Amino acid sequence: MKKQEIIDKQKKYLFSCVATYYDEPLVVDHAKDNYVYDAEGKEFLDFFGGILTVSVGHCNDKVTKAIHDQTDKLQHISTLYANEPQVLLAEKLAQITPGRLEKSFFTNSGTEANETAVLLAQIYTKCQDVITLRHSYSGRSYLALSLSAQSSWRLTPNVVPGVHHIPNAYCYRCPFGLTYPSCDLKCAKDVEEAIQTTTSQGRIAAFLAEPIQGVGGFITPPKEYFKEIVGIVRKHGGLFICDEVQTAWGRTGGKMFGIEHWDVEPDIMTFAKGMANGVPIGATIATPEVADSMQGSTISTFGGNPVTCTAARATVEVIEEENLVENARVMGNRLREGLDSLKQKYPVIGDVRGMGLMQGMELVGEKKRPDTESTKRLMELTKANGLLVGKGGTYGNVLRVAPPLNVNKDQIDQALKQLDRSFAQLGQ
Ligand code: PMP
């Protein structure tokens with residue numbers, strides 16, 4: 001099919017709310033390693049990886065071969081039967097996740113992973129209330145939309161009761177008007193009052209948070225934040241659910257999981273996106289006593305699918321074998337240096353933040369006014385210059401730069417040049 005035909009059919013046959021980037025949607029035909037090709041054969045350097053999902057490069061040979069081999073052997077069986085790829089992946093997760101996390105439940109998306117986590121915490125604690133953060137994103141089910149705290153994504157007119165959103169650690173726009181470190185982590189300490197004033201009997205099921213808020217615009221908390229807030233949450237009987245959907249698999253550089261930078265052990269962790277290099281999978285892992293509190297029957301038809309579990313294990317193996325957690329740290333530093341230089345050059349860049357290969361640039365006008373218009377134009381300019389980056393932030397004014405974990409020096413330098421050219425053109 002020709003490009004226009006695909007765009008026309010998308011408009012006619014898909015829900016019109018399916019959001020696409022760019023004035024004219026990019027029609028992707030194929031991709032290899034860190035490059036994507038459109039329907040007319042134009043090449044793009046991919047620094048967004050299908051939303052931080054293509055961890056080890058598009059159509060990675062090792063992952064693709066593992067998928068092919070497993071597809072020929074056993075493609076589907078459902079969670080009603082045991083299978084080797086599912087238990088091997090669960091064992092691997094138990095080995096590489098921090099603390100006492102040991103038992104997994106597999107699903108198909110981050111949404112389901114978070115649904116499972118909250119349900120589990122509610123069952124374990126016999127409480128309903130959940131605390132989460134403003135500017136968070138948890139998925140698109142009824143509960144996950146209620147957990148999410150960005151009005152533009154919350155399509156439902158009603159919300160699930162018992163979800164409380166507290167101010168996040170958004171240092172660039174501190175909700176308390178304070179400055180780190182003299183703020184004394186007011187945002188973390190505030191959870192105490194939120195529990196005392198907005199919950200039933202001062203007890204909660206869980207605190208759910210992303211180590212770095214992804215859709216929120218790569219908002220990165222101070223290093224002491226999680227230790228402080230999780231300590232208070234635990235005092236009130238709550239579990240800590242760590243949403244690693246964007247921050248896992250070495251993305252933040254130097255550590256396999258984002259939360260490991262801050263020496264906090266979650267009770268439950270959730271994954272999706274980069275876990276299987278683009279093959280749909282979600283996972284919820286918990287400590288044995290928390291996991292085993294969910295009694296009765298539960299089922300996920302596609303959960304624990306042998307092909308997706310095989311793809312996930314192959315992806316993690318590539319990350320380990322090719323030392324990509326370290327690569328993310330080294331390349332992340334190079335990328336960050338380049339972005340910081342761009343900030344010096346272009347006043348429209350108000351903040352550069354993130355860790356490893358998860359770097360955001362918040363675009364602003366006078367007095368930090370969110371510059372949504374320039375962000376939209378920048379997206380168009382980067383596309384014209386052959387670079388794919390993402391957009392995010394509650395105000396739609398954050399560029400998200402997040403290449404696959406196997407990105408190399410030349411690609412980082414190429415992307416920085418493409419960004420430089422795009423910012424220069426923005427000012428013309
Ligand atoms: N949690 C986070 C942190 C996410 O970024 C997302 C997706 N953007 C989700 C959950 C939901 O994942 P999915 O789209 O796979 O349902």
Side-chain angles (χ1 to χ4, degrees), residues 15 17-21 48-55 105-121 130 132-156 160 163 165 168-170 206-221 226 240-249 251-252 257-259 266 268-285 300 302-303 305 308 311-312 315 354-360 389-394 396 398 400-402:
F15 280 22
C17 63
V18 174
T20 49
Y21 279 155
F48 200 40
I51 325 183
L52 289 76
T53 294
V54 179
S55 300
F105 184 76
F106 295 108
T107 50
N108 311 291
S109 64
T111 300
E112 288 171 272
N114 283 334
E115 282 270 344
T116 307
V118 171
L119 174 66
L120 182 57
V130 177
T132 185
L133 299 176
R134 294 188 190 163
H135 301 269
S136 65
Y137 183 86
S138 297
R140 54 170 301 285
S141 65
Y142 189 35
L143 171 63
L145 284 176
S146 305
L147 293 165
S148 300
Q150 292 179 51
S151 55
S152 58
W153 293 109
R154 280 170 65 139
L155 303 180
T156 157
V160 173
V163 177
H165 294 101
N168 62 342
Y170 194 171
F207 165 62
L208 182 153
E210 308 156 66
I212 294 177
Q213 292 185 312
V215 181
F218 291 179
I219 299 170
T220 312
F226 272 99
F240 171 37
I241 302 172
C242 184
D243 177 339
E244 292 266 357
V245 168
Q246 296 212 10
T247 49
W249 320 117
R251 170 62 53 193
T252 55
F257 302 101
I259 199 66
I268 306 176
M269 256 164 122
T270 60
F271 313 109
K273 289 206 194 291
M275 184 171 182
N277 210 39
V279 171
I281 190 166
T284 308
I285 189 166
S300 170
F302 292 127
N305 176 278
T308 59
T315 303
M355 293 170 82
L357 292 173
M358 191 172 181
Q359 298 290 337
V389 293
K391 191 158 75 88
T394 301
V398 182
R400 292 193 283 165
V401 187

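This structure is a prediction, so every number in the text was calculated from the model and none was measured. Counting starts at 1 for both ligands and their atoms, following the listed order.
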Atom indices of ligand 1, in the order listed, that fall short of 4.0 Å to a heavy atom of [X]:
{"X": "G110", "value": "11 (C), 12 (O), 13 (P), 15 (O), 16 (O)"}
{"X": "S109", "value": "15 (O), 16 (O)"}
{"X": "T111", "value": "11 (C), 12 (O), 13 (P), 16 (O)"}
{"X": "V215", "value": "5 (O), 8 (N)"}
{"X": "E210", "value": "3 (C)"}
{"X": "N114", "value": "1 (N), 10 (C)"}

Q246 touching ligand 1 at heavy-atom level, < 4.0 angstrom: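 The answer is yes: ligand 1 sits under 4.0 Å from a heavy atom of Q246.
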
Protein heavy atom at shortest distance from atom 4 (C) of ligand 1: V245 CG1, 3.7 Å

Winner among K273, E244, M275 once heavy atoms are compared against atom 8 (N) of ligand 1: K273

Side-chain H-bond candidate by donor/acceptor type, T270 with N114, under 3.5 Å: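 N114 and T270 do have a side-chain donor-acceptor pair below 3.5 Å.
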
Donor-acceptor side-chain pairing of H135 and T394 below 3.5 angstrom: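 Judged by distance alone, the side chains do pair up.
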
Taking all non-hydrogen atoms of both residues, which atom of [X] and which atom of [Y] are closest, and how far apart?
{"X": "L52", "Y": "K273", "result": "O-CB, 3.9 Å"}
{"X": "A283", "Y": "M275", "result": "CB-CE, 3.8 Å"}
{"X": "A113", "Y": "T107", "result": "N-OG1, 3.7 Å"}

Heteroatom distance test (S138, ligand 1): nitrogen or oxygen, under 3.5 angstrom: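 There is no such contact.
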
Check: D243 N/O within less than 3.5 Å of ligand 1 N/O: yes

Atom CZ of F302: over 12 foreign heavy atoms under 6.0 Å: no

Geometric class of the W249/F257 ring pair [parallel <30°, tilted 30-60°, perpendicular >60°]: perpendicular

Audit row: E115, S141, side-chain hydrogen bond (donor to acceptor under 3.5 Å, both in side chains) steps and yes/no: CA-CA 8 Å; E115 282 270 344; S141 65; 2.4 Å; yes

